[in-house]
Amino acid sequence: MTTQKTFEDTKKLLKKHNQSHLLAFWEQLNTAERQNLLAQIRQLDLAKIDDWVANFVKEPISAEISTELVPARSYGPAGADAEQKRKYGKAVDLGKGLIRKSKVAALVVAGGQGTRLGFDGPKGNFPVSPAKNKTLFQIFAEFVAAVSEKYQAVCPCYIMTSPLNYAETTEVFRSNDYYGLNEKDVFIFRQGTLPNFDFDGKILLADKADIACSPDGHGGTLKALCETGAIDDMKRRGVEFISYWQVDNPLVNLFDPLFIGLHALDEAEMSSKALIKTRPKEKVGNFCLVDGKVTVIEYSDFPDDLAEKRNPDGSLVFQLGSIAIHIINRAFVERLNSGGLSLPLHRAIKRIPHIDRKGGRVEPAGPNGIKLESFVFDALPLASKSIILQTVRSEEFSPIKNATGVDSVEKAKQMMIDRAAGWLESAGVTVPRKPDGSVDCLIEIAPGFAMGPDDIKAKLNQIPQIKPKDKLYLA
Ligand code: UD1
């Protein structure tokens with residue numbers, strides 16, 4: 001079929017879906033540009049886009065908050081009674097067994113850039129560790145290596161990038177020799193993208209022959225795992241459970257035997273870690289039960305009255321916050337994809353540089369268009385069973401979202417030091433502290449030395465006496 005014929009067909013199709021402007025610069029394009037533009041348009045599901053424009057772009061259907069919304073229940077960080085303590089013990093043994101049998105894989109979603117940090121590059125390559133300035137990727141890779149060593153198991157590592165930072169992320173791992181991991185056990189893949197729209201529902205052009213699009217949200221992980229062969233790779237390896245986290249959290253316990261074990265014991269398909277929120281409007285997703293199903297309602301969509309609601313003892317009614325740490329069954333991902341996976345879309349009003357109708361480049365001063373994303377946690381209500389395990393903020397959550405202030409790099413560094421000090425003290429090591437109780441030295445513990453307080457006890461003879469203002473790195 002000639003390009004001219006394809007052009008005519010495409011023109012007709014776009015007219016039918018009110019997106020004819022995408023071919024406005026056809027006469028100015030060379031052959032390669034024409035092929036490229038036609039290829040991009042062929043990728044678009046215009047019928048679906050009509051639906052998105054109607055429901056998410058033009059008049060966004062306000063996220064219907066079900067009246068049947070009740071607080072979700074969770075397992076506590078430690079067993080609540082003797083019976084639960086027995087179950088937790090069983091779960092830890094089961095979890096360790098599954099890791100030992102290489103049934104668990106690590107998956108980090110790293111499609112985000114370091115823009116909010118003022119860092120030009122993949123957020124994963126941002127240096128954060130207090131003593132050695134290790135990057136997020138290095139910390140995670142060393143944790144995977146330490147788990148492999150401890151359990152004498154293969155722990156494959158899957159890294160989701162966006163098309164924007166795929167090449168740079170791949171080069172970061174290659175040039176750092178995969179941080180000591182076996183290259184064949186590191187699988188870097190790209191998530192999909194979705195077109196961007198103006199407020200009238202017109203798809204924006206990034207250039208005369210280029211549709212403006214952006215990563216499809218971490219909900220896109222579930223589709224990308226299948227489309228890129230990652231799931232097949234897991235299947236070949238006998239992996240059944242995926243330990244999922246976001247690249248922005250350096251404290252995450254990547255392979256938590258208790259979490260994996262409770263998830264498996266309860267035969268859940270997708271489970272989550274939670275924290276007690278520090279305040280009603282903390283910027284975390286909110287765990288609820290909707291029609292009995294575990295559901296996360298994002299902080300930006302959660303009604304204030306529900307967020308502020310308190311129990312007689314003053315605690316928040318909806319107190320469980322999502323920290324974007326999940327265990328997902330490989331089979332669950334396959335099941336979702338076999339049924340034609342389509343998670344709800346969330347709209348974000350963003351600043352989107354584009355080409356205007358006359359072909360002029362527009363660098364908008366403020367938000368001028370719509371980006372659509374799907375969220376991985378919207379798969380939770382689709383799971384036949386889902387559990388929630390509360391964790392401890394100081395042990396497991398210090399996301400790096402901003403350059404300064406809340407959720408900043410400095411805060412994360414300090415939390416890494418405080419956690420290390422806590423581990424050492426719980427093993428009987430004296431850690432210098434200032435009169436206000438804050439740690440008076442800089443400590444960094446490599447995952448290869450300890451992944452938790454229990455590992456410290458076995459290495460007390462390798463820990464020197466720590467003096468005030470010391471800089472200690474244990475590896
Ligand atoms: C996110 C969660 C929120 C949770 C909080 C915990 C969403 C929408 N909200 O908030 O419920 O409580 O983290 O810290 O996620 N990412 C991709 N590809 C994408 C989009 C995001 O890989 O297309 C990754 C990013 O690398 C980032 C992470 O997902 O690390 C979170 O994305 P972000 O949009 O920053 O969400 P938050 O507002 O931080």
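The basis for the numbers below is simple: all heavy atoms, side chains too, and nothing from hydrogens, waters or symmetry mates. All ligand and atom numbering here is 1-based and tracks the order in the structure.
For ligand 1, the atoms closer than 4.0 angstrom to any heavy atom of Gly111 are 17 (C), 18 (N), 22 (O), 26 (O). Those atoms of ligand 1 that come under 4.0 Å of a heavy atom in Val284, given as number and element, are 12 (O). Taking a cut-off of under 4.0 Å to the non-hydrogen atoms of Glu298, the atoms of ligand 1 that pass are 2 (C), 3 (C), 7 (C), 8 (C), 9 (N), 10 (O), 11 (O). Within the listing of ligand 1, atoms 3 (C), 4 (C), 11 (O), 12 (O) sit less than 4.0 angstrom from a heavy atom of Gly285. Near Glu373, the atoms of ligand 1 lying under 4.0 angstrom from a non-hydrogen atom of the residue are 20 (C), 23 (O).
Aromatic pair Tyr473/Phe449: centroids not less than 6.0 angstrom apart.
A cation-pi arrangement, defined by a distance under 6.0 Å to the six-membered ring centre and an angle within 45 degrees of its axis, is absent between Lys202 and Phe197.
At a 4.0 Å heavy-atom cut-off, ligand 1 touches Ala110 through the backbone alone.
For the ligand labelled ligand 1, residue Ser322 lies inside the 4.0 Å heavy-atom shell.
A side-chain donor-acceptor contact under 3.5 Å links Glu282 and Thr278.
Counting heavy atoms only, Gln191 comes closest to atom 19 (C) of ligand 1 of the residues Gln191, His346, Lys123.
With sequence neighbours excluded, the residues that form a salt bridge (Lys or Arg N to Asp or Glu O under 4.0 Å) with Asp233 are Arg236, Arg237. Partners of Phe187 by ring pair (Phe, Tyr, Trp, His ring centres under 6.0 Å), not counting sequence neighbours, listed by chain and number: Tyr158.
Paired with His326 under the rule ring pair (Phe, Tyr, Trp, His ring centres under 6.0 Å), one option of Tyr244, Phe375, Phe377 passes, and it is Tyr244.
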